[in-house]
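First the structure, in the form of structure tokens, and then the observations on it.
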Amino acid sequence: MRLKHFLALAFFFIYAFSYAQVKQINLKRVDEMANLPQPLNIIDWKLMAQNFDKTIYDFNAKGKYWPMVWMDSTNKNFAQPVMGIYTAVGDVRQGKQNNKGMFHEALANMGSVLGASLIGLDKSNQKGLNYVSMLKNYFNRDTKWNIMMNNTAPEVALLGGGYGRDWWYDVYPNLLFYAVYDKYPNEKDFDWIAKSIAEKFYKADSILKGNYNYSYFDYGQMKPMKNQICAQQDAAAGHAWVLYAAYKKFGDKRYLKGAISAMTALESNTINPTYELLMPFGAYLAARMNVEQGTHFDVQKLMGWTFDGTAVCREGWGVLTGKWNGYDISGVVGSTVDHGGYGFLMNTFDAAWPLIPTVRYDPAYANAIGKWMLNAVNASRLFYPQYAPRDHQAIPDLAEVTKGVIAYEGFAKTSTFDSLYLDKKGPVAQGDGPKWVPGKNPNVSQFSVYGSGHVGIFGAIVEKTNINGVLKLDLLATDFYKNNAYPSYLIYNPYKQEKSVVYVIKSSMRVDLYDALAQKFVARNVSGKSSLKIAGNNSVIVVETPVKSKITLSKGKLLANGIVIDYMKK
């Protein structure tokens with residue numbers, strides 16, 4: 001056994017020496033971003049997520065437009081009440097008295113439950129209420145679609161749902177549900193609901209046969225449909241993510257086959273098919289499935305489609321870059337062409353969900369993703385009225401209504417309401433509310449409850465270090481249905497000079513620190529804190545392994561006590 005162990009270690013050192021530092025792949029759009037965005041102000045995102053949850057989930061909240069939640073007792077799909085949450089402040093379509101309280105969106109409800117759960121809150125038992133179980137009402141069995149949808153019933157579709165209208169609205173709630181399911185695997189009924197969703201998506205992909213050139217898919221009639229909305233081929237990424245999660249959960253190889261089929265359909269496009277927010281999940285899956293399943297998907301192609309702003313259907317959709325009137329706004333996700341650029345908060349939060357864990361499976365993107373995330377985290381504070389100067393806000397005089405936890409839906413280089421905010425300087429924090437919320441005072445609807453509810457994604461991933469602008473990013477926080485893994489973090493140094501970063505160890509036991517970029521151990525037998533030297537404009541991927549772990553190589557992967565710590569691919 002000693003000889004075997006010695007030979008394995010020798011092989012590892014020879015292997016590691018031959019590979020050395022993992023060569024980094026640039027992303028053109030990220031190269032356009034500032035190395036150190038200015039003005040630099042990294043807020044406490046976990047605290048923001050905690051405050052959002054305790055402020056929004058208060059049925060007795062006082063103030064105009066408050067509370068932001070109510071109980072819907074129409075018992076759609078399941079004989080239980082479900083919490084309704086406003087899409088936007090003052091949304092006149094919603095509330096207990098409107099349409100019997102039926103109109104509320106899974107994007108808001110599921111997003112806020114997931115976000116809170118990611119930062120450690122138990123939403124299955126919060127002050128005696130099970131908000132996790134309530135999400136079942138979005139499973140549309142009354143309509144026979146038998147998947148999660150953005151509303152609980154088709155009769156509210158015209159008020160803002162996605163039924164037979166907009167494919168991503170029908171697909172994305174299922175990704176949200178599967179993420180919540182990973183956090184609450186024992187929740188009643190979730191098993192069969194998850195299987196129903198997987199079956200629908202598997203059958204849909206089989207029917208589509210690689211052709212996702214449709215506006216949406218009718219999961220009741222099981223046939224693709226076209227309407228006035230252009231084709232959303234990136235729905236294939238949503239199908240693939242759910243099917244791969246289902247495969248990891250249930251072990252049914254049909255789901256793996258479906259995930260590969262959907263990814264193949266996605267990659268086969270000759271033009272950028274990005275529509276809303278599903279493409280980053282495709283990039284993540286490409287990287288993960290390549291190392292876990294031996295596929296050969298083109299990660300670079302899907303990363304480019306995610307970032308470049310070359311989308312055709314949703315013209316210019318991608319990641320914004322630039323400095324507007326002295327403010328670096330790079331990193332936010334949205335339209336790169338609408339009014340010079342229009343970024344959205346929810347899309348930016350949700351892009352981090354798949355892109356950060358992508359680095360575990362393809363470390364070649366560590367510097368690019370680390371730099372993007374720094375820019376995105378810094379710019380995203382400007383969506384919140386307390387962090388945006390008054391002359392950069394559409395309605396600063398109404399900011400008090402947000403109670404410090406609700407942000408504007410987006411910000412634009414020049415206001416999309418040309419006749420209203422001509423005096424505002426870009427970035428102009430605003431929202432689309434006035435376009436789709438009628439009423440006496442629609443302007444307040446520019447404050448986005450639904451988007452702000454996803455803040456827990458940043459809250460779970462982002463941690464500041466002792467050096468301003470050097471972030472410690474949790475690679476496991478949103479890596480759902482992953483194999484066993486040790487605590488893993490990406491730390492990117494945006495400065496030109498080498499920096500010595502104080503690394504706070506998550507494990508309560510003594511550990512060895514392995515850097516998956518340098519492909520070597522950088523600290524041994526440490527606890528509490530350790531100092532890491534990071535070269536200028538470079539990264540480390542730190543994996544905390546138990547002291548004196550048995551290090552082995554298997555099929556190109558480096559393992560510590562049988563758990564992968566480095567995929568070590570070229």
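In what follows, every heavy atom counts, from backbone to side chain, and hydrogens, waters and symmetry copies are set aside. Everything numeric here is computed off the predicted structure, so don't read it as measured data.
- With sequence neighbours excluded, the residues forming a side chain to side chain contact (heavy atoms under 4.5 Å, CB included) with Gln300 are Ile25, Leu27, Asp298, Tyr365, listed by chain and number.
- With values rounded to the nearest 0.5 angstrom, Phe59 atom CZ is found 10.0 Å from Trp70 atom CH2.
- Between the side chain of Gln232 and the backbone N or O of Trp168, at least one donor-acceptor pair lies under 3.5 Å.
- The ring-ring contact (aromatic ring centres under 6.0 Å, His included) check on Tyr202 picks up nothing, with sequence neighbours excluded.
- Residue pairs satisfying the disulfide bond (SG atoms under 2.5 Å apart) criterion with at least one member in residues 198-245, sequence neighbours excluded, are listed as follows: Cys230-Cys313.
- For the 3.5 Å distance criterion, the side chains of Asp432 and Tyr342 qualify, holding a donor opposite an acceptor.
- Of the possible donor and acceptor atoms, one in the side chain of Thr348 sits under 3.5 Å from a partner among the backbone N and O of Val333.
- Under the 3.5 Å distance criterion, the side-chain polar atoms of Ser196 are matched with a main-chain donor or acceptor of Asn146.
- A heavy-atom distance below 4.5 Å is found between the side chains of Asp218 and Trp145.
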Checklist line | Derivation and outcome, side chain to side chain contact (heavy atoms under 4.5 Å, CB included), residues Leu118 and Ile457 | finding: CA-CA 7 Å; Leu118 288 172; Ile457 294 172; 3.9 Å; yes
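- The aromatic rings of Trp241 and Trp353 stand perpendicular to each other, their planes meeting at an angle above 60°, with 30° marking the opposite boundary.
- The cationic group of Lys200 does not satisfy the cation-pi geometry with Tyr219, failing either the under 6.0 Å distance to the six-membered ring centre or the 45° limit from the ring axis.
- What you find for Tyr86 and Gly95 is that their closest heavy atoms are OH-CA, 3.3 Å.
- Taking both residues in full, the closest heavy atoms of Val89 and Val449 are given as N-CG2, 3.9 Å, listed atom of the first, atom of the second, then distance.
- Under the 3.5 Å distance criterion, the side-chain polar atoms of Tyr481 are left unmatched by any main-chain donor or acceptor of Ala246.
- A donor-acceptor pair under 3.5 Å is formed between the side chain of Gln94 and the backbone N or O of Thr87.
- Side chain of Asp122 to main chain of Ser124: a donor-acceptor pair is present (N/O by atom type, distance under 3.5 Å, no hydrogens or angles).
- Stacking of Arg141 on the aromatic ring of Phe78 is recorded, both the 6.0 Å distance cut-off and the 45° axial limit being met.
- Both tests pass for Lys472 against the ring of Tyr489: distance under 6.0 Å to the centre and angle within 45° of the axis.
- Taking every heavy atom of both residues into account, Ser507 and Glu544 meet most closely at N-OE1, 3.1 Å.
- Taking Lys248 as the reference, Glu292 meet the salt bridge (charged side-chain N to carboxylate O under 4.0 Å, His left out) condition, with sequence neighbours excluded.
- One finds the OH atom of Tyr138 at 13.5 Å from the CG atom of Asn174 (value rounded to the nearest 0.5 Å).
- Interatomic distance, CE of Met279 versus CG of Leu266, reported as 4.5 Å (0.5 Å rounding).
- No side-chain heavy atom of Tyr131 sits under 4.5 Å from any side-chain heavy atom of Val69.
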Next item on the list: Any chance you could lay out the side chain to side chain contact (heavy atoms under 4.5 Å, CB included) test for Phe383 and Phe411, step after step, and finish with the verdict?
Entry: CA-CA 7 Å; Phe383 292 106; Phe411 63 61; 3.5 Å; yes
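- Counting only distance, with no hydrogens or angles, the side chain of Arg29 and the backbone of Val319 share a donor-acceptor pair below 3.5 Å.
- Between Tyr284 and Tyr361, the ring-plane angle classifies as perpendicular under the 30° and 60° cut-offs.
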Item checked: Chi angles and distances behind the side chain to side chain contact (heavy atoms under 4.5 Å, CB included) call for Phe458, Ile119 -> CA-CA 9 Å; Phe458 271 19; Ile119 62 168; over 6 Å; no
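- Summarising the geometry of Asn227 relative to Ile229, their closest heavy-atom pair is OD1-N, 2.9 Å, with the distance given to 0.1 Å.
- You'll find the side chain of Glu315 stays beyond 4.5 Å of the side chain of Asp338, heavy atoms only.
- Using a 4.5 Å heavy-atom threshold, the side chains of Arg360 and Ile541 count as separate.
- Checking side-chain atoms of Asn140 against main-chain N and O of Asn151 turns up a donor-acceptor pair under 3.5 Å.
- The closest side-chain heavy-atom distance from Ser112 to Tyr57 is below 4.5 Å.
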Next item on the list: Report the C-alpha distance between Met225 and Tyr214 in whole Å, list the side-chain angles of each, state the deciding distance to 0.1 Å, and finish with yes or no for side chain to side chain contact (heavy atoms under 4.5 Å, CB included).
Entry: CA-CA 6 Å; Met225 307 291 285; Tyr214 294 93; 5.9 Å; no
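- Considering only heavy atoms from C-beta on, Val82 comes within 4.5 Å of Asn109 through its side chain.
- Within a 6.0 Å radius of NZ in Lys506, other residues, nucleotides and ligands contribute 12 heavy atoms or fewer.
- Side chain of Asn137 to main chain of Asn77: no donor-acceptor pair is present (N/O by atom type, distance under 3.5 Å, no hydrogens or angles).
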For residues 302-309, which side-chain donor-acceptor pairs fall under 3.5 Å, sequence neighbours excluded?
from, atom 1, to, atom 2, distance (Å)
Thr306, OG1, Leu302, O, 2.9

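- The shortest distance between side-chain heavy atoms of Ser452 and Leu345 falls below 4.5 Å.
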Margin query: One pair to check against side-chain hydrogen bond (donor to acceptor under 3.5 Å, both in side chains): Asp234 and Tyr212. What are the steps and the verdict?
Written below: CA-CA 8 Å; Asp234 63 344; Tyr212 278 74; over 6 Å; no
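- Judged as a salt bridge (charged side-chain N to carboxylate O under 4.0 Å, His left out), and not counting sequence neighbours, the contacts of Asp252 are Arg254.
- Between Phe201 and His239, the angle of the ring planes lies from 30° to 60°, which puts this pair in the tilted group.
- Taken from CD1 in Ile197 to OH in Tyr178, the straight-line distance is 6.0 Å, to the nearest 0.5 Å.
- Of the inter-residue distances, the one linking Tyr255 atom OH with Glu199 atom CD reads 3.5 Å to the nearest 0.5 angstrom.
- By the 4.5 Å heavy-atom criterion applied to side chains, Thr295 and Met263 are not counted as neighbours.
- Considering all non-hydrogen atoms of both residues, Ala61 and Lys403 come closest at CB-NZ, 4.1 Å.
- Looking at every heavy atom in both residues, Ala231 comes nearest to Asn213 through CB-OD1, 3.0 Å.
- Distance CE/Met134 to CE/Met110: 13.5 Å, rounded to 0.5 Å.
- Checking side-chain atoms of His454 against main-chain N and O of Leu107 turns up a donor-acceptor pair under 3.5 Å.
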